[in-house]
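Ligands are counted one by one from 1 in listed order, and the atoms in each one are counted from 1 as well.
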Amino acid sequence: MRIRIVLKPGKEQSVRRYHPWVFSGAIHKIYGKPAEGDLVDLYDSKDNFLATGHYQPSSIAVRILTFENVEPDLSFFRDRINKAVLYRKSAGISTRPDLNVYRLIHGEGDGLPGLIVDFYNGVAVIQMHSLGFYRIRKEISSLLVELLKDKLVAVYDKSEGTVPYKSGANASNEFLYGSSDPVIVTENNYKFRIDWSTGQKTGFFIDQRDNRKLLGEMSAGRKVLNMFGYTGGFSVYAMANAESVHTVDSSLSAIELAKQNVAMNFGDDERHKAFQTDAFEFLNDIRDKYDLIILDPPAFAKHNNVLDNALQGYKRLNMKAIEQIRPGGVIFTFSCSQVVTKENFRKSVFAAAANTGRNVRILYQLSQPPDHPVSIYHPESEYLKGLVLYVE
Ligand code: SAH
């Protein structure tokens, strides 16, 4: 028998609308003492069954796996993972000849809250954000091997530091199946070297794929500045036609990686230069030097309580770019903080523009690609927000 959790009257409503999170404040009573990562059953105040999910003693107390009264066992997870695989086929992602890097499982977007899997040309890199999934990582790995068959060479678990709370603290990164050196992946026919063990997140920011393509199309003849460049993803696409491309990142290893990736695609090309320095400092002195600027900072806010600071950060950053870009310039500006809504981000950019007094138009509004699906019941899964601005 699983432990029962009864919600306060009225708090069942979001669950009935299939929202996959239950906050601790919604809980009326827990019958028993669930351990971190245990499966628990949710009931409304009239004792009607609502859902089953993983328990975590945190502000998101339950991450719901199913709204039906079924056992989340191996065949349940096989079915969910299989659906994620089929979805990427239907969406035309995993069948593209010019692409062998994509997100295979995107947490809530694939009905598997707490589980991320990225596919890098034969290597699946798993990242667990709940102890519930961390506990069954070996089973998840076996299911991936079973379902992807000979497409899969290795499964690497990169959950160190991402599994919350005490019992997850000793998660260590390791291969759960096979092994592999870093791989070269192909994205829209460009090559990137992926090292999941030393890289940030699972090794690459796959979510910017479509936005990088648009950027590539818009950089022809322009002087491009790629702020927060990391692997040089945007820089590589810009190099196809830009007059010059400058990559900025505060991390030396990121700068090295960006140089390597540009060289792998364009050889020793002096149009590209990379600077290891703080973005805010670099942006102090760029007046009229660039006519295309990319601002893709790390998540400024990971939690709601630092939201105001984060919004100020976006404002400051965007103001520096809008103020100094050449007339007729274009800015690709992003926020990947889940707690920053599309509206909030847009307000920050609006405030930044207003402070400069320049005329700014929105050319495009950007988001994440289909392998990072947004569940209609979980608007929070739309975490990547971008605006392409034309500055007169
Ligand atoms: N645009 C990248 C992803 C950016 S990730 C892509 O398409 O792949 C964010 C990057 O910002 C990281 O590489 C990190 O090293 C860098 N960074 C974080 N704080 C910074 C700062 N203050 N100045 C410059 N770079 C910074």
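A salt bridge links Glu392 with Arg361: at least one charged nitrogen is closer than 4.0 Å to a carboxylate oxygen. The pair Lys8-Asp44 does not meet the salt-bridge criterion, since no charged nitrogen lies less than 4.0 angstrom from a carboxylate oxygen. A salt bridge links Asp41 with Arg2: the closest approach of a Lys/Arg side-chain nitrogen to an acidic carboxylate oxygen falls below 4.0 angstrom. Asp288 has no carboxylate O lying under 4.0 Å from a charged side-chain N of Arg326, or vice versa, which leaves the two without a salt bridge.
Geometrically, Arg80 does not engage Phe77 in a cation-pi contact, judged by NZ or CZ lying under 6.0 Å from the ring centre and within 45° of the ring axis.
Note on ring orientation: taking the six-membered ring where Trp is involved, the planes of Tyr290 and His246 are perpendicular (angle over 60°, cut-offs 30° and 60°).
The protein residues lying under 4.0 angstrom from ligand 1, judged by non-hydrogen atoms, are Gln200, Phe205, Arg212, Phe228, Gly229, Tyr230, Thr231, Phe234, Asp249, Ser250, Ser251, Thr277, Asp278, Ala279, Asp296, Pro298.
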